[in-house]
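The structure appears right after this line, and notes come after that.
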Amino acid sequence: MKKSVFIFSLALMLTSIFAASGHCRTTVFFVGGWGMTPAQMESFSKSIPESGKVKFLLPTSIIDLTRPWYCADLIYEHIKNNNLLEDDLYFVAFSLGGIVTQWLLSDHPELRVKKLILVGTPIGGYKFVPPNPFFSNDFPKDLPIYVIAGSRGRKTWLLSETNDGVVD
């Protein structure tokens, strides 16, 4: 438990430092992982003032969670509907939220994303049975990306031998 609190604190500290260097309106966008609760999201994002952050929990239905491109579209709609298209965006994404954020950045290179922090995101990836790759593995060129990863995960029947595991 102490190790995860340390990792979250480090991610938040990095985000605060990076966000402070912006020149226009800055928004720190937190994207939660599979099954993350509002209380966990609040703990994950507590070091950023409410006025400068957006918290986004992924949908809870299995059909939505197995389509990261759909979840990325939901985030984009949220950004558009809340007039955040002109903001300097800093993303902090946990676990599956990092995969969804990859899809978002791949599909919408026009977003003004200044930094990306991935916390426990299995970015090595694997592919489901064709035709749809689950992971995009595609980041915008020149985007500073910071990865906080653990060294242990669980293996499941969905994963092949070469994978990043399931984030605990």
Side-chain angles (χ1 to χ4, degrees), residues 1-16 18-19 26-82 84 87 89-108 111 113 115-126 128 132-137 139 145-159 163-168:
M1 182 66 182
K2 289 181 184 180
K3 190 181 282 187
S4 64
V5 171
F6 171 75
I7 289 172
F8 285 139
S9 298
L10 180 61
L12 295 174
M13 181 182 70
L14 285 170
T15 304
S16 298
F18 296 141
T26 298
T27 301
V28 181
F29 212 103
F30 290 88
V31 183
W34 188 324
M36 192 174 220
T37 66
Q40 290 169 325
M41 177 62 85
E42 185 54 38
S43 176
F44 186 51
S45 66
K46 69 181 174 184
S47 72
I48 303 297
E50 288 296 323
S51 62
K53 72 180 169 185
V54 173
K55 297 177 281 189
F56 190 88
L57 291 170
L58 297 177
T60 56
S61 74
I62 297 295
I63 190 69
D64 293 338
L65 291 173
T66 57
R67 301 181 301 161
W69 51 91
Y70 170 76
C71 296
D73 288 343
L74 293 176
I75 293 174
Y76 183 75
E77 287 302 313
H78 184 85
I79 290 170
K80 193 168 75 172
N81 293 339
N82 289 282
L84 302 174
D87 286 15
L89 299 173
Y90 293 78
F91 278 89
V92 180
F94 177 70
S95 191
L96 182 61
I99 304 306
V100 170
T101 303
Q102 283 179 284
W103 280 90
L104 173 70
L105 299 181
S106 178
D107 290 347
H108 298 283
L111 292 175
V113 179
K115 305 271 191 249
L116 171 62
I117 299 173
L118 300 172
V119 181
T121 299
I123 58 174
Y126 64 95
F128 279 110
N132 295 318
F134 188 71
F135 294 82
S136 72
N137 287 324
F139 291 101
I145 300 170
Y146 301 85
V147 178
I148 301 172
S151 59
R152 294 188 316 179
R154 290 179 284 122
K155 186 174 176 203
T156 70
W157 61 274
L158 285 173
L159 302 177
N163 69 77
D164 291 346
V166 175
V167 179
D168 288 330

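The CZ atom of Phe30 sits 12.0 Å away from the NZ atom of Lys46 when rounded to the nearest 0.5 Å. Atom OG1 of residue Thr27 and atom CD1 of residue Ile79 lie 9.0 Å apart, to the nearest 0.5 angstrom. To the nearest 0.5 Å, atoms CD1 (Ile75) and CH2 (Trp103) are separated by 13.5 Å. Between the CZ atom in Phe56 and the CG atom in Leu104 there is a gap of 9.5 Å [rounded to 0.5 Å]. Atom CG in Asn81 sits 10.5 Å away from atom CG in Leu74 (nearest 0.5 Å).
Among all heavy-atom pairs drawn from Leu58 and Gly97, the shortest one is CD1-N, 4.1 Å. Shown here for Cys71 and Pro59, the closest heavy-atom pair between the two residues is SG-CD, 3.7 Å. The two atoms that bring Ala93 and Thr101 nearest to each other are CB-OG1, 3.6 Å, heavy atoms only.
Under the side chain to side chain contact (heavy atoms under 4.5 Å, CB included) criterion, Ile145 pairs with Leu116, Leu118, Phe139, Leu143, Val147, sequence neighbours left out. Under the side-chain hydrogen bond (donor to acceptor under 3.5 Å, both in side chains) criterion, Thr37 pairs with Gln40, sequence neighbours left out. Residues satisfying the salt bridge (charged side-chain N to carboxylate O under 4.0 Å, His left out) test with Glu50, not counting sequence neighbours, are Lys53, Lys55.
Each of Val31, Leu84, Asn82 was compared with Val54 under the side chain to side chain contact (heavy atoms under 4.5 Å, CB included) criterion, and only Leu84 meets it.
Residues Val92 and Phe44 have side chains in contact (heavy-atom distance under 4.5 Å, counting atoms from C-beta outward).
Relative orientation of the Tyr76 and His108 rings is parallel, given thresholds of 30° and 60° on the angle between their planes.
Using modelled atom types, one side-chain atom of Ser45 and one backbone atom of Met41 make a donor-acceptor pair closer than 3.5 Å.
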